[in-house]
Amino acid sequence: MAIPSYATRGERIWHWVFCVLCALIFLFLIGPILVIIPLSFNAEPYFTFSEKMLSLDPEGYSLRWYQEFFTSDEWMRSIKNSIIVAVCATVLATVLGTLAALGLSSRFMPFRNTIMAILISPMIVPLIISAAAMFFFFSKLGLTQTYLGVILAHTALGIPFVVITVTATLSGFDHSLTRAAHSLGASPSRTFFRIILPLVTPGVVSGALFAFITSFDEVVVVLFIAGPAQTTIPIQMWSGIREEISPTILAVATLLVLVSILLLATLELIRRRNERLRGLTPS
Amino acid sequence: MSDSSAPATSGSAAHDPNGAPGAALTTADGVPLKQSLNRAIRRSRIKALLLVAPLLVFIGLAFVMPIFDMLSRSVDNPEVSTYLPRTSEVLVDWDGEGLPEEAAYAALAQDLAAGLKERNLGRVASRLNYEKSGMRSLFMKSARRAGRMEAPYKAALIKADEDWEDPDIWRLIKRESSPLTASYYLAAVDRQFSPTGEIVEKPEYLQIHVSLFIRTFWMSAAITGLCLLLAYPVAWLLATLPASRGNLLMILVLLPFWTSLLVRTTTWIAILQQQGVLNDMLVGVGILAEEARIQMIYNKTGTIIAMTHILLPFMILPLYSVMKTIPPSYMHAARSLGAGPITAFRRVYFPQTLPGIGAGSILVFILSIGYYITPALVGGQSGRFITNFIAYHMQTSLNWGLAAAIGSILLVVVILFYLVYNRLIGVDKVKLG
C-alpha cells in the first residue's frame with residue numbers, strides 16, 4: 001500500500017485521494033456506533049448533543065439513563081428473558097449443530113449438499129417469513145406465548161451458524177490424527193473427547209457465540225410468537241423506539257455495543273489460539 | 001489365521017473360473033474385499049446419517065414444516081365451505097346463470113341463523129369481505145333477521161337486503177366455497193376475479209402490492225450497489241495492507257457487523273432526524289438555516305442510508321476473502337508489460353474479483369429484500385418494504401391468507417437467488433467474519 005519511490009505525481013495524488021476515501025468509508029462504518037456512546041450520557045432527554053455537552057461542561061453529562069435502565073423492572077425482566085432464551089437456544093443449537101457437522105464432514109455422507117442447504121435455510125429465509133410461518137404453526141401446537149416456543153424458534157435460527165463454523169473447522173481437520181489414535185488403541189469416544197473435540201473447540205465456541213448473538217439480537221420472531229411475559233431486550237428497544245424514544249434506549253445501546261466488543265474480543269482470542277494450534281500441526 | 005485364509009482364497013478363486021485377479025481378493029475371514037469394503041462404507045454412511053439425523057428432524061419440525069404450513073395457508077380456503085355448509089352444497093349444482101333457486105336461499109337463511117348463533121359467521125363474513133367490500137355488513141345484517149324468516153326464503157332475504165338479488169354475490173359465494181383458492185395470490189399481485197370469474201386488475205386506488213414489490217426490489221438493488229461501491233476500496237485496502245495493520249482496520253468492519261441491529265438503527269435515528277446530530281452540525285456550521293433542517297429519515301433516504309450501513313460488512317467480507325487470494329505480482333506484471341494503472345486494473349485485477357462481487361451482491365440483495373426491522377423503524381411511509389406489509393396483514397388487518405401469499409412470493413424470489421448463489425459459491429463457503 002506504500003507508494004513506491006518511482007510513483008508519478010498523478011499516482012501520488014491518487015494514492016492520497018484513495019486514502020481519504022477509505023477513511024471516510026471507515027468513518028461511515030464506525031462513526032454511528034461511536035456517536036451513540038457519548039449521547040447516552042446526556043443529561044437532557046434528547047437524542048442530540050446539548051450545548052453543555054459540546055463545551056465539555058460536566059453538568060451536561062449524567063448517568064441518569066443508566067440508572068433508569070438498571071432500576072426499571074421492565075428492562076430487568078427483559079434482560080432476564082433475553083439471557084434465558086439465548087442461553088437455552090445456544091446450548092441446543094450448539095449440541096445439535098456440532099453433531100450434525102461431524103456427520104456432514106464424513107466422506108461418506110449421502111445427499112451432503114441437499115442436507116446442508118436445508119440446515120442453512122433458516123439463515124437465508126427472510127426473518128419475517130420465518131416469523132409468520134412459525135406463528136401459524138406454533139399456534140396450532142400451543143407453543144406461542146411460551147418460553148419453549150421462543151427457545152425452539154431461536155434454536156432454529158442459530159443452527160446455521162453453528163453448522164457453518166464447525167464444518168469449516170472440520171474441513172481443515174487432519175483425519176490421520178484419528179486414525180493414529182485408533183491404531184494406538186483409543187476407543188471411539190476417547191478419540192472424540194481427547195483428539196477431535198479439543199481441535200474443533202474454536203469452531204464450536206465461535207458457532208455458539210454466533211448462535212447466542214443471533215438469539216440475543218432477534219426481534220422479528222419474538223415479536224410474532226412471544227407473549228408479554230417473554231419480552232426480550234430487543235423487543236423492549238423496538239417498542240421504545242416506536243413509541244416514546246427515551247434516551248434510556250441509548251444507554252441500552254451503549255451496553256449492547258460493549259457486549260459486542262466483548263464477543264468480538266473473545267472470537268479474536270479463539271482465532272489466535274486456533275492459529276497457534278494449526279502452527280503446531282504441519283498440515 | 002493364516003490357516004483359514006489360505007483355503008478361503010483358493011475357494012473364491014474356484015468360484016471364479018476366469019480368475020480375474022481383482023475378484024480373488026478377500027479379507028482375512030474370507031469375505032470378498034469388495035463386499036467387506038461396501039459394508040464398511042455403509043456403516044460409515046449410517047453413522048454419518050445418525051449424527052445429522054437429530055438436527056435434521058429438529059429443523060424439519062421447527063422450520064421446514066412451518067414454512068410448508070404457511071405455503072398451504074396461502075391457498076387454503078376453508079371458511080365458506082365450513083361455515084356455510086348447506087349453501088355450499090346446494091350451490092355445487094348451480095350453473096352460475098341468473099339467480100339460484102329457492103333451495104339455495106333457504107340453505108343460506110339456515111346457515112346465517114346457525115352461524116350467528118354459533119358466533120362463527122364473522123369469519124366467513126370477513127373472508128368474503130376481502131373479495132368484495134360490503135359483504136361483511138350484508139351478512140351481519142341479513143343474519144340478524146334470518147332467524148325469524150319463513151318460506152319463501154328468496155323473497156324474505158331479498159326483502160332483508162336487496163343485494164341478495166345480485167347474481168355476482170352468489171357467484172362469489174359459489175367460487176369461494178371451493179376448499180382451495182387463488183384469490184390470495186391474485187390479491188398479492190393486485191388482481192382479482194371479476195364477477196364473471198375472469199382475472200382482472202384491481203381498481204387503481206387499491207393497487208399497492210405490486211408497487212411495493214417493485215419498490216422493495218429497486219431499493220434493495222440501490223442498497224446493494226451502494227454497498228459494492230463503498231466495500232470495494234475498503235476490501236482492497238484491507239487485502240493489500242500488511243497483516244498487522246489490516247487486522248486492526250478489520251476491527252472497524254467487524255465491530256458494526258457484531259453490533260446489535262437495533263443499536264445501529266437507533267444511532268441512525270439519533271444522527272439523521274430533524275433535531276439530530278447531523279442536522280445540528282449543518283446548522284451549527286452555518287450550511288443550513290435553522291428552519292431549513294433536512295428530513296433525512298422516515299423516508300426512502302433513511303432506509304437506504306441505514307441499510308447500507310447495516311449490510312456493508314456483508315459485502316466487504318466476501319470481497320476481502322477473494323481479494324486476499326489474488327497475488328499482487330499479477331498487477332506488477334501487467335504494469336511492467338506496459339499497461340497503465342487503469343488498464344491493469346480493468347483487465348487484470350477487476351476480472352479476478354468478480355466472484356467476490358457476485359457473492360457479496362447476491363448476499364446483500366437477498367438479505368435486503370427480506371429486511372423488516374430497519375424499514376419499519378426508519379422508513380416512514382415512502383421507505384417501507386413489502387415485508388412491512390406482510391407484518392401489517394399478520395397483525396393489523398388479520399388477513400393471514402394474504403400475508404402468507406405475499407410471503408410465499410417473496411420466499412420464491414429469495415430461493416431463486418439463493419440457488420444462483422449456491423451454484424456460484426456454494427452455501428458452505430459462506431464466510432462469517
Side-chain angles (χ1 to χ4, degrees), chain A residues 1 18 21-22 25-26 28-30 32-33 35-36 39 47-49 96-97 99-100 102-104 106 108-110 115-120 122 124-129 132-134 136-137 152 156 159 161 164-165 167 210 213 217 219-220 234 237-238 241 249 253 256-257 260-261 263-264, chain B residues 41 44-45 48-49 51-52 54-56 58-59 62-63 65-67 69-70 73 230 233-234 237 240-241 252-256 258-264 266-268 270-271 273 275-277 280 309 312 366 370 372-373 377 387 390-391 394 403 407 410-411 414 418 422 427-428 430 432:
Chain A
M1 200 43 220
F18 183 79
L21 218 79
C22 283
I25 300 171
F26 279 119
F28 174 70
L29 269 168
I30 206 80
I33 295 169
V35 161
I36 207 156
L39 273 184
F47 261 43
T48 188
F49 292 99
L96 290 174
L99 284 181
L102 285 171
L104 280 169
S106 154
F108 304 106
M109 185 68 210
I115 290 176
M116 193 76 177
I118 293 172
L119 297 185
I120 291 181
I124 303 296
V125 172
L127 273 173
I128 187 91
I129 295 175
M134 286 174 175
F136 291 139
F137 194 72
L152 291 182
I159 273 168
F161 299 100
I164 288 175
T165 48
T167 36
F210 270 108
I213 200 80
D217 192 28
V219 202
V220 193
M237 281 188 81
W238 159 266
I241 298 170
I249 296 164
L256 287 179
V257 171
S260 43
I261 291 175
L263 283 174
L264 191 59
Chain B
I41 289 178
S44 318
R45 208 172 262 175
L49 269 177
L51 283 170
V52 179
L55 184 56
L56 212 52
F58 178 83
I59 289 285
F63 192 77
M65 269 173 70
I67 295 278
D69 185 51
M70 186 198 73
R73 199 174 275 270
L230 296 179
V234 166
L237 185 73
T240 47
L241 275 179
L252 300 186
V253 178
L254 289 179
L255 185 61
W258 277 87
T259 303
S260 161
L261 176 67
L262 279 170
V263 171
R264 286 184 278 171
T266 315
T267 71
W268 282 112
I271 293 173
Q273 66 178 341
Q275 301 303 321
V277 177
D280 277 2
H309 178 247
L312 189 51
I366 292 181
Y372 166 65
I373 295 295
L377 287 177
T387 47
I390 299 178
M394 290 285 299
L410 188 63
L411 184 63
V414 169
Y418 178 49
N422 198 9
V427 276
D428 43 349
V430 185
L432 299 167

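Quick note on labels: first sequence line is chain A, next is B, and so on, each numbered from 1. Everything numeric in this text was worked out from a predicted model, so none of it was measured.
- In this structure, the portions of A:Ser260 lying under 4.5 Å from any heavy atom of chain B include both its backbone and its side chain.
- The two residues B:Ala270 and A:Leu39 come nearest to each other via the heavy atoms CB-CD1, 4.0 Å.
- For the pair A:Asp217 (side chain) and B:Leu261 (backbone), a donor-acceptor distance under 3.5 Å is present.
- Heavy-atom minimum distance, B:Pro256 versus A:Ile33: CA-CD1, 3.5 Å.
- By the 4.5 Å heavy-atom criterion applied to side chains, B:Tyr418 and A:Ile120 are counted as neighbours.
- Annotation: maximal heavy-atom pairing with chain A below 4.5 Å, among B:Ser260, B:Ala403, B:Gly370, occurs at B:Ser260.
- Taking B:Ile366, B:Ile390, B:Leu411 one by one and counting their heavy-atom pairs under 4.5 Å with chain A, the maximum is reached by B:Leu411.
- Residues A:Ile261 and B:Trp258 form no side-chain contact, since every pair of their non-hydrogen atoms from C-beta on lies 4.5 Å or further apart.
- Two residues are said to be in side-chain contact when any heavy atoms from C-beta on lie closer than 4.5 Å; A:Leu119 and B:Leu55 meet this criterion.
- Ring orientation note: the planes of B:His309 and A:Phe28 are nearly perpendicular, at an angle over 60° on the 30°/60° scale.
- Taking each heavy atom of A:Phe49 and B:Asp280 in turn, the nearest pair found is O-OD2, 4.3 Å.
- Here the side chains of B:Pro233 and A:Phe18 are in contact, with some heavy-atom distance below 4.5 Å.
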Give the intermediate values and the outcome of side chain to side chain contact (heavy atoms under 4.5 Å, CB included) for residues A:Ile241 and B:Leu262.
CA-CA 9 Å; A:Ile241 298 170; B:Leu262 279 170; 4.1 Å; yes
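- Side chains of A:Phe136 and B:Met394 form a contact here, defined as non-hydrogen atoms less than 4.5 Å apart.
- For the set B:Ile67, B:Val253, B:Leu377, the entry with the most heavy-atom pairs within less than 4.5 Å of chain A is B:Leu377.
- Contact annotation: the side chain of B:Val263 never approaches that of A:Ile249 to less than 4.5 Å [non-hydrogen atoms, C-beta and beyond].
- A distance of 12.0 Å separates CG in B:Leu254 from CG in A:Leu263, rounded to the nearest 0.5 Å.
- Taking chain B as the reference chain and counting heavy-atom pairs below 4.5 Å, the highest number among A:Pro126, A:Ala133, A:Gly97 is found for A:Ala133.
- When each of A:Leu96, A:Leu104, A:Leu99 is tested with B:Val52 by the rule side chain to side chain contact (heavy atoms under 4.5 Å, CB included), just one qualifies, namely A:Leu104.
- When every heavy atom of B:Met65 is checked against every heavy atom of A:Phe137, the shortest pair comes out as CE-CZ, 3.5 Å.
- Among A:Val257, A:Ile115, A:Leu127, the residue with the largest count of heavy-atom pairs under 4.5 Å with chain B is A:Ile115.
- In this structure, chain B has heavy atoms under 4.5 Å from both the backbone and the side chain of A:Leu102.
- When heavy atoms are compared at a cutoff of 4.5 Å, B:Leu230 approaches chain A by way of both its backbone and its side chain.
- Proximity to chain A is limited to the side chain of B:Arg73, based on heavy atoms less than 4.5 angstrom apart.
- Counting only heavy atoms from C-beta outward, the side chains of B:Ile59 and A:Ile159 approach each other to under 4.5 Å.
- Residue contact with chain B, scored on non-hydrogen atoms closer than 4.5 Å, involves the backbone and the side chain of A:Leu152 alike.
- Of the residues considered (A:Pro234, A:Ser106, A:Pro110), A:Pro110 shows the highest number of contacts with chain B, using heavy-atom pairs under 4.5 Å.
- Contact check for A:Ile118 versus B:Phe63: no side-chain heavy atoms found under the 4.5 Å cut-off.
- Between B:Phe58 and A:Ala156, the shortest heavy-atom distance links the atoms CE2-N, 3.8 Å.
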